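Structure, as structure tokens:
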Amino acid sequence: MHLDGILIVNKPAGITSHDVVDCIRRKFNIERVGHAGTLDPMATGVLVMLLGKATKLSSTFTGDNKEYIAKVFFGKKTDTQDSSGKVIEEKNIESLDIKDIEKALENFKGWIEQVPPMVSAIKHKGKKLYQLARSGKTVAREPRRINISAIEILDFKFPELTFKVKCSKGTYIRTLCEDIGKVLGVPSHMSGLVRTQSGDFLLEDSKDLEDIHEKDIISYSCYDRHI
């Protein structure tokens, strides 16, 4: 089958972004499939899939700003910065003041520098960081300049904070969750993540994998100006 276009998938938890690529390939019996912005296995939400000629637009959509709803758990730090990892630091904290949390979040608005996590696909001397991390290695990483245009608290039920963040390409939310804890002086990690928007595409526009049909493929012709 020859298909060119864009699919907006609501990625489920427990599978990789590449698993979604494989699923779309099998579903429509096509080879040229890619995605614009990886979501970790534990994360859910908007995954922009590019089919056929639309794969030419990969750099365009990968560079789009994103919006997430994230959860950060205070009191435990893990080796992956999220709840899938091994706890490497734990601190018994009785409470956190919401005013202190609001003040801490102010440190992350606008242009900031962020050190990428070891569990990322960034390459170091030809090897991806997560490959080095799996072998127990840690290397120095240069901080990267990112932009957080908005960050706001949605809910706080101690010891877990739920917040919404709008950010630029290259922002690691797991690192943001750990860094929020650092400002507050407590260990922390990301305990949940939903991508609610990628560029112009919203979560409510996305389709579950099992519900996707050919009619859901968006024509890529309106994006030709980006090629």
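All residue numbers in this chain count up from 1 along the given sequence. Not measured: the values here are computed from a predicted model.
No more than 12 heavy atoms of other residues, nucleotides or ligands sit less than 6.0 Å from atom CD of Glu31. Atom CD of Glu204 has more than 12 neighbouring heavy atoms from other residues, nucleotides or ligands inside a 6.0 Å radius.
A 4.5 Å side-chain heavy-atom check between Ile101 and Phe163 finds every atom pair outside the cut-off. At least one side-chain heavy atom of Pro12 sits less than 4.5 Å from a side-chain heavy atom of Leu209.
Once rounded to the nearest 0.5 Å, the distance linking CG of Leu176 with CD of Gln114 reads 6.5 Å. Between Leu47 atom CG and Ser198 atom OG the span is 8.5 Å, to the nearest 0.5 Å. Here the CD1-CZ distance, from Ile30 to Arg32, works out to 10.0 Å after rounding to the nearest 0.5 Å. To the nearest 0.5 Å, the span separating CZ on Phe74 from CD1 on Ile180 amounts to 6.5 Å. Here the straight-line distance linking atom CG of Leu161 with atom CD of Glu102 works out to 10.0 Å at 0.5 Å rounding.
Other cluster members for Leu154: Ile69, joined by side-chain heavy-atom distances under 4.5 Å among Ile, Leu, Val, Met, Phe, Trp and Tyr.
In this structure a side-chain-to-backbone donor-acceptor pair under 3.5 Å is present from Thr55 to Gly52. A donor-acceptor pair is defined here as one N or O able to donate and one able to accept, closer than 3.5 Å; no such pair exists between the side chain of Asp208 and the backbone of Glu210. For the pair Gln197 (side chain) and Gly199 (backbone), a donor-acceptor distance under 3.5 Å is present. A donor-acceptor pair under 3.5 Å links the side-chain atoms of Asn107 to the main chain of Ala104, judged by distance alone.
When each of Leu51, Leu50, Asp4 is checked for a side-chain contact (heavy atoms from CB on, under 4.5 Å) with Tyr220, only Asp4 meets the rule.
Glu113 and Arg145 are not joined by a salt bridge, as no carboxylate oxygen comes within less than 4.0 angstrom of a charged side-chain nitrogen. In summary, Asp82 and Arg174 engage in a salt bridge, as defined by a charged side-chain N under 4.0 Å from a carboxylate O. Note on Arg25 versus Asp22: salt bridge recorded, some NZ/NE/NH1/NH2 to OD/OE distance being below 4.0 Å. Remark: Lys66 does not engage Asp64 in a salt bridge, criterion side-chain N to carboxylate O under 4.0 Å. With respect to the salt-bridge test (charged N to carboxylate O, under 4.0 angstrom), the residues Glu106 and Lys103 do not qualify.
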Listing, residues 187-196 side-chain donor-acceptor contacts under 3.5 Å, not counting sequence neighbours, or none:
from, atom 1, to, atom 2, distance (Å)
Ser188, OG, Cys177, O, 2.8
Ser188, OG, Glu178, O, 3.4
Ser188, OG, Gly181, N, 3.4
His189, ND1, Lys76, O, 2.9
Ser191, OG, Lys71, O, 3.4
Ser191, OG, Glu160, OE2, 2.6
Arg195, NE, Tyr68, OH, 3.3
Arg195, NH1, Gly37, O, 3.2
Arg195, NH1, Val46, O, 2.9
Arg195, NH2, Gly37, O, 3.4
Arg195, NH2, Thr38, O, 3.2
Arg195, NH2, Tyr68, OH, 3.3
Thr196, OG1, Glu67, O, 3.2
Thr196, OG1, Glu67, OE2, 2.7

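The aromatic rings of Phe61 and Phe201 are tilted relative to each other, their planes meeting at an angle between 30° and 60°.
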